[in-house]
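Encoded as structure tokens, the structure appears first; notes follow it.
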Amino acid sequence: FIMAQTTFSGPVTSQNGFIFPATTLAALQDVTNAINTTNKVTGKSVVVLSSGIIYTAAGSAASSVWHGSNASTATPV
């Protein structure tokens, strides 16, 4: 499933919260995992449920690093 993209300015408000795809840290660190090879775009966010950390893709390449909401990183290799 691919979400529509748009451009806007101002704050984003959600009445029901935001839903992020769930994954694991091991998947983020695996360059061959679908989380890194399918529909990865700069700014894509996912959540590791075991830790509650939200990771955001720094780029669209399978090897692009993920930046965690706690200042950690996950580097696909």
Side-chain angles (χ1 to χ4, degrees):
F1 135 161
I2 299 175
M3 288 184 74
Q5 296 180 343
T6 188
T7 303
F8 60 91
S9 61
V12 175
T13 304
S14 173
Q15 298 292 328
N16 298 311
F18 294 96
I19 300 172
F20 297 106
T23 191
T24 64
L25 184 57
L28 292 179
Q29 295 172 327
D30 180 356
V31 74
T32 64
N33 189 282
I35 200 76
N36 288 309
T37 61
T38 306
N39 299 322
K40 184 176 180 181
V41 296
T42 302
K44 179 178 182 173
S45 294
V46 297
V47 64
V48 173
L49 293 178
S50 63
S51 65
I53 298 171
I54 297 169
Y55 286 88
T56 303
S60 60
S63 60
S64 293
V65 69
W66 293 88
H67 293 283
S69 56
N70 67 344
S72 65
T73 58
T75 303
V77 291

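Quick caveat: nothing in here was measured; it's all calculated off a predicted structure.
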Between [X] and [Y], what is the shortest heavy-atom contact and its length?
X	Y	result
S64	K40	O-NZ, 2.8 Å
L49	A22	CD1-CB, 3.7 Å
T37	A62	CG2-CB, 4.2 Å

Quick one: do F18 and V47 end up in the same hydrophobic cluster if we chain Ile, Leu, Val, Met, Phe, Trp and Tyr together by side-chain heavy atoms under 4.5 Å apart?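 Yes, it is one cluster - the side chains of F18 and V47 are joined through contacts under 4.5 Å.
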
Is V48 isolated, or which residues cluster with it under the ILVMFWY side-chain rule of less than 4.5 Å, directly or via members?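 ILVMFWY cluster around V48 also holds L25, L28, I35, V46, I53, Y55, W66.
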
Walk me through whether T56 and S45 qualify under side chain to side chain donor-acceptor pair (under 3.5 Å). CA-CA 4 Å; T56 303; S45 294; 3.1 Å; yes

